[in-house]
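Worksheet: one structure, shown below.
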Amino acid sequence: MATKTNPGRFFEDYAVGQVIEHAVPRTIAEGERALYHALYPARHALYSSDVFAAECGLDGSPLDDLAAFHVVFGKTVPDVSLNAVANLGYAEGRWLLPVYPGDTLRSVSEVIGVKENSNGKSGNVYVRTLGLNQNGEIVLDYVRWVMVRKRDAASPAPVPVLPELRKVVPVEDLVIPEGLTFEDYDFTLAGEPHRLSDYEIGEKIDHVDGVTIEEAEHMLATRLWQNTAKVHFDATFREDGKRLIYGGHVISMARALSFNGLANAQMIVALNGGAHANPCFAGDTIKAWSEVLDTAETGAPGVGAIRLRLVATKQGATPFALKGDDGKYLPEVLLDLDYWALMPL
Amino acid sequence: MATKTNPGRFFEDYAVGQVIEHAVPRTIAEGERALYHALYPARHALYSSDVFAAECGLDGSPLDDLAAFHVVFGKTVPDVSLNAVANLGYAEGRWLLPVYPGDTLRSVSEVIGVKENSNGKSGNVYVRTLGLNQNGEIVLDYVRWVMVRKRDAASPAPVPVLPELRKVVPVEDLVIPEGLTFEDYDFTLAGEPHRLSDYEIGEKIDHVDGVTIEEAEHMLATRLWQNTAKVHFDATFREDGKRLIYGGHVISMARALSFNGLANAQMIVALNGGAHANPCFAGDTIKAWSEVLDTAETGAPGVGAIRLRLVATKQGATPFALKGDDGKYLPEVLLDLDYWALMPL
Amino acid sequence: MATKTNPGRFFEDYAVGQVIEHAVPRTIAEGERALYHALYPARHALYSSDVFAAECGLDGSPLDDLAAFHVVFGKTVPDVSLNAVANLGYAEGRWLLPVYPGDTLRSVSEVIGVKENSNGKSGNVYVRTLGLNQNGEIVLDYVRWVMVRKRDAASPAPVPVLPELRKVVPVEDLVIPEGLTFEDYDFTLAGEPHRLSDYEIGEKIDHVDGVTIEEAEHMLATRLWQNTAKVHFDATFREDGKRLIYGGHVISMARALSFNGLANAQMIVALNGGAHANPCFAGDTIKAWSEVLDTAETGAPGVGAIRLRLVATKQGATPFALKGDDGKYLPEVLLDLDYWALMPL
């Protein structure tokens, strides 16, 4: 009659090379797509219209790339971040295959790095997570690292292993969905006339719109991805009585807001990095701005790639301000994300 | 490197005859249907049960007529009402074809009237909007007019053009869905025994039930229709810190509440007119009453038409009170809508 | 021109043997499944993944058993509990057939007992409700009893009839879905290693996690099941301005929370009894604990049955505390439910 509930893993429970098959596979269908549109002001045409997606060479409108990310990520929470002190970073994320209604996703992670902190109370764990569909095909591949508490401060530190992670996914490693073409792309239906050549490296775009966050909404979203971390749901868990909003909710909100100015940055194909700079709580009003970091061609017809910094802020933020003189994120900055998206040339 | 975000059109940007193809087509499926039932206490059997709808001669249960309206309407917001001061009215609305799960909708508007206001700071713009499905068939056709700010008060006034709009869609212009029959209509499953002949012109019905509105709910709904007007989402936008509830949310709430007394007013086929009499905010408790304005036969077997005034009120309203002695809507009246619905003879 | 709205039935309106066909059939599809996952932290693999369900011998992932219950229950509200003072109990509940996306459900109840209270102002009504699918097959069968107000205290008391109800559905009466097998059950994907033989009768499990309830969420849920009782929606209805949360919302929340410790209690096949011990309001934080009441084999390959007490509590509850010295439920106990679920042997 052992304890039946999941206490989560502690730092000592991770070892480089360990493979964790995460639980609870999930079939994604039309309902998840509709909910994504209810939860976020998502308007990118390729994810809104089967017809538009078909004219771009796809079988239909896929599930939003970030929804696929959240589903894959959510499954890792009970095994990776239940006792995490902080979600430290992402790297080398790549979307390898669109997720369509009817697909069933599961997640597998491999521990690729461990390093105890100097205080002896916690350590950093690096995992590479794969999202797989019902055919065993990899739909998503990304690295994240978290700071995890030790069960016992007296337990010995493991040999530190730090994975070599690329700061940016190189253009040649971006995977373009089979058949994708932007040659007959309808800019009118997509909502904006700007093609890749209209954007300059260094250009910054204030996405103008804002959304004030409600408790009910972030909990609906976080549950939808079967992310069960207490801190998002239980107002009695933190001493301040606040529920911390899942960082992925802020990512999706900011990305959806970025439609206004980046309506043609259609598909996300890589996550180069990301930091949840400050916590977000219900009542905060999220706005977003982007900076063009790079542009490139891809082999696919009419399809270019744009590398973007996406910054989410809350009320009180100064336009385009990111860090203070001390090099730290300003308190109104919630998210600093670096990603590649596909855009018509 | 021009500004990439959409500043919206100003009064000067509209001219009679102009055709605007609105962006972001949308595929509607089972998820939107489920969400409609979660957002509104919708119980009309034809929109709840595929079996009931099939017994009425349809291919299955269509998307709620108002959901179709909201989707078509939402697409027009960035082009028509982003700088609108007020949503002034609707006319000549007709549902021409049911929308089924899997359909993809887009919207096109034509400017049919412009008239500058005497203050020289704004003007009224009249548009006729068509909602089209993936086959290019018109599913919805309606006129609305809005008051829009001028970019520059000094710009000259256009020649005023006021469209001739019918106050009521004549019965002979109502389009009955192909195959519709109420000859084997199951009143027990529909929820009420009242047929068209049980309603008298002038009869008023207090729909009894009430729903208190939450911020999360109206934002979920409004996003679902991809209506992105800031005023509904951003608590920092208005000086009073309030988020204005999308008028369509009040329409859907009132229509759903009207089930209790009008369970057999199944399909909405025409919108004769409508006024959003007062703004609605979270915390308001919406109730509804209806007045029978007219009844008619249609060519379809067993199918009659009922013309209804649907009034939504908030807390503090006096039953059936609409306007004060000054001819203005009472402050507790939120909506005054005039529509035709189909009901068993 | 009779009153068109439904005043609900009063105690005098019920007679033993009466059969009530409830209104508004409902087609359930992918959208309802997605919403269930957004509303509750539901993670049982058989209801999350079509692939997992297929490997257990089913045609795909059914609608959550409790969602099926809520849909069937919701239809009875206008006829059974609109004027109910209290929802007193459940008995002899059995799930007879899984509900799949595309199924259309309706409900029929038979009055099986009436007994006036000694105060002469109200009485208890017992109904047996059947949930039926589009083929007329019974998917769910349960008894509930409610206390209903009399229309007129002076009306004579009926001859009291109290149905004989079994306290527990016997194992031999549990209906195992056709084809169900747990012989190749994947415990890793299901989320926990515990099989039936790992649980001891009398064992209690604290499910650890908690969810703080929001108004928007319980109203979305309750509307989704087309349960229209005013008390859940209208903040002006009760004198204290509170909206009472539908008891079924608490049931679903507690059952979903019980995943942590009972991940393999997959399908609910019987509801032996249940009491809504205290009202639940927005702002309450729900947690849950379970007690193993019994275990049994079933004829199906690898499939055992576990009888569980599921208790939902709110903030301030003492672990595993249920009733006070006076034999009454403690004020922090919200729900005491007794059910059978299927679990791998």
Side-chain angles (χ1 to χ4, degrees), chain A residues 29-45 48-53 60-61 101 186-192 194 198-200 202-203 205-220 256-257 259-263 282-283 285-287 290 315-316, chain B residues 1-8 20-36 38-39 71 74-75 78-79 82 101-108 133-135 214-230 232-237 241 243 282:
Chain A
E30 312 287 1
E32 282 76 9
R33 184 161 82 169
L35 270 162
Y36 199 84
H37 281 99
L39 289 163
Y40 308 108
R43 298 185 71 218
H44 287 91
S48 178
S49 163
D50 282 342
V51 178
F52 191 96
S61 190
D186 188 328
F187 288 87
T188 301
L189 284 183
E192 290 182 353
H194 326 303
D198 295 323
Y199 291 88
E200 290 177 23
E203 180 176 353
I205 303 157
D206 178 352
H207 299 300
V208 183
D209 303 309
V211 173
T212 306
I213 304 290
E214 298 295 314
E215 299 282 14
E217 291 175 343
H218 78 81
M219 293 199 296
L220 286 169
L257 288 170
F259 175 89
N260 198 347
L262 285 166
T285 298
I286 299 185
K287 296 192 175 186
S290 294
Q315 60 284 0
Chain B
M1 204 173 99
T3 299
K4 295 292 194 305
T5 53
N6 173 23
I20 306 172
E21 283 198 61
H22 304 295
V24 193
R26 171 74 170 278
T27 304
I28 303 296
E30 310 288 0
E32 282 77 9
R33 184 162 81 168
L35 269 162
Y36 199 84
L39 289 163
V71 170
K75 300 187 186 325
D79 298 314
L82 212 60
D103 282 358
T104 299
L105 301 185
R106 60 191 177 89
S107 307
V108 180
N133 68 14
Q134 66 279 7
N135 303 317
E214 298 295 315
E215 299 281 13
E217 292 176 343
H218 78 81
M219 293 199 296
L220 286 169
T222 308
R223 273 192 296 256
L224 188 60
W225 320 127
Q226 296 177 311
N227 175 337
T228 58
K230 275 184 204 65
H232 306 314
F233 298 105
D234 183 347
T236 69
F237 186 67
R243 281 164 272 180

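Within every chain, numbering begins at 1; the chains are lettered A, B, ... in the order of the sequence lines, protein sequences first and strands thereafter.
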Where on B/L35 is there a heavy atom nearer than 4.5 Å to chain A: the side chain, the backbone, both, or neither? side chain
Between A/T285, A/I286, A/D209, who has the most heavy-atom pairs with chain B when the cutoff is under 4.5 Å? A/T285
Just by modelled atom types, is the B/H218 backbone N or O under 3.5 Å from a matching donor or acceptor in the B/T222 side chain? yes
Is the shortest heavy-atom distance from the side chain of A/E217 to the side chain of B/E215 under 4.5 Å? no
Highest number of heavy-atom pairs under 4.5 Å with chain B: which of A/A216, A/A42, A/S48? A/S48
Proximal component of B/P101, with respect to chain A [non-hydrogen, under 4.5 Å]: neither
Non-hydrogen atoms of chain A under 4.5 Å away: do they reach the side chain of B/R106, the backbone, both or neither? side chain
Could you look at B/H22 and say if it's the side chain, the backbone, both or neither that has a heavy atom under 4.5 Å from chain A? backbone
Is A/D186 in contact with chain B via its backbone, its side chain, both, or neither, using a 4.5 Å heavy-atom distance? neither
When only pairs under 4.5 Å are counted, which of A/N260, A/V51, A/L262 shares the most heavy-atom pairs with chain B? A/N260
Plane angle bin for B/W225 and B/Y36 - parallel if under 30°, tilted between 30 and 60°, otherwise perpendicular: tilted
Flag the pair A/D50 and A/R33 as a salt bridge only when some basic side-chain nitrogen lies within less than 4.0 angstrom of an acidic carboxylate oxygen. yes
Between B/Q134 (side chain) and B/T104 (backbone), is there a donor-acceptor pair under 3.5 Å? yes
Looking only at A/G191, A/A263, A/S61, A/P41, the option with the highest number of non-hydrogen pairs under 4.5 Å against chain B is A/P41
Rounded to the nearest 0.5 Å, what separates atom NE2 in B/H232 from atom CZ in B/R223? 12.0 Å
Do the side chains of A/H44 and A/F259 get nearer than 4.5 Å, heavy atoms only? yes
B/K4 and A/D198 ion-paired at < 4.0 Å: no
Which atoms of B/A235 are under 4.5 Å from chain A, going by heavy atoms: the side chain, the backbone, both sets, or neither? both
Contact class of A/L189 relative to chain B, heavy atoms under 4.5 angstrom: both
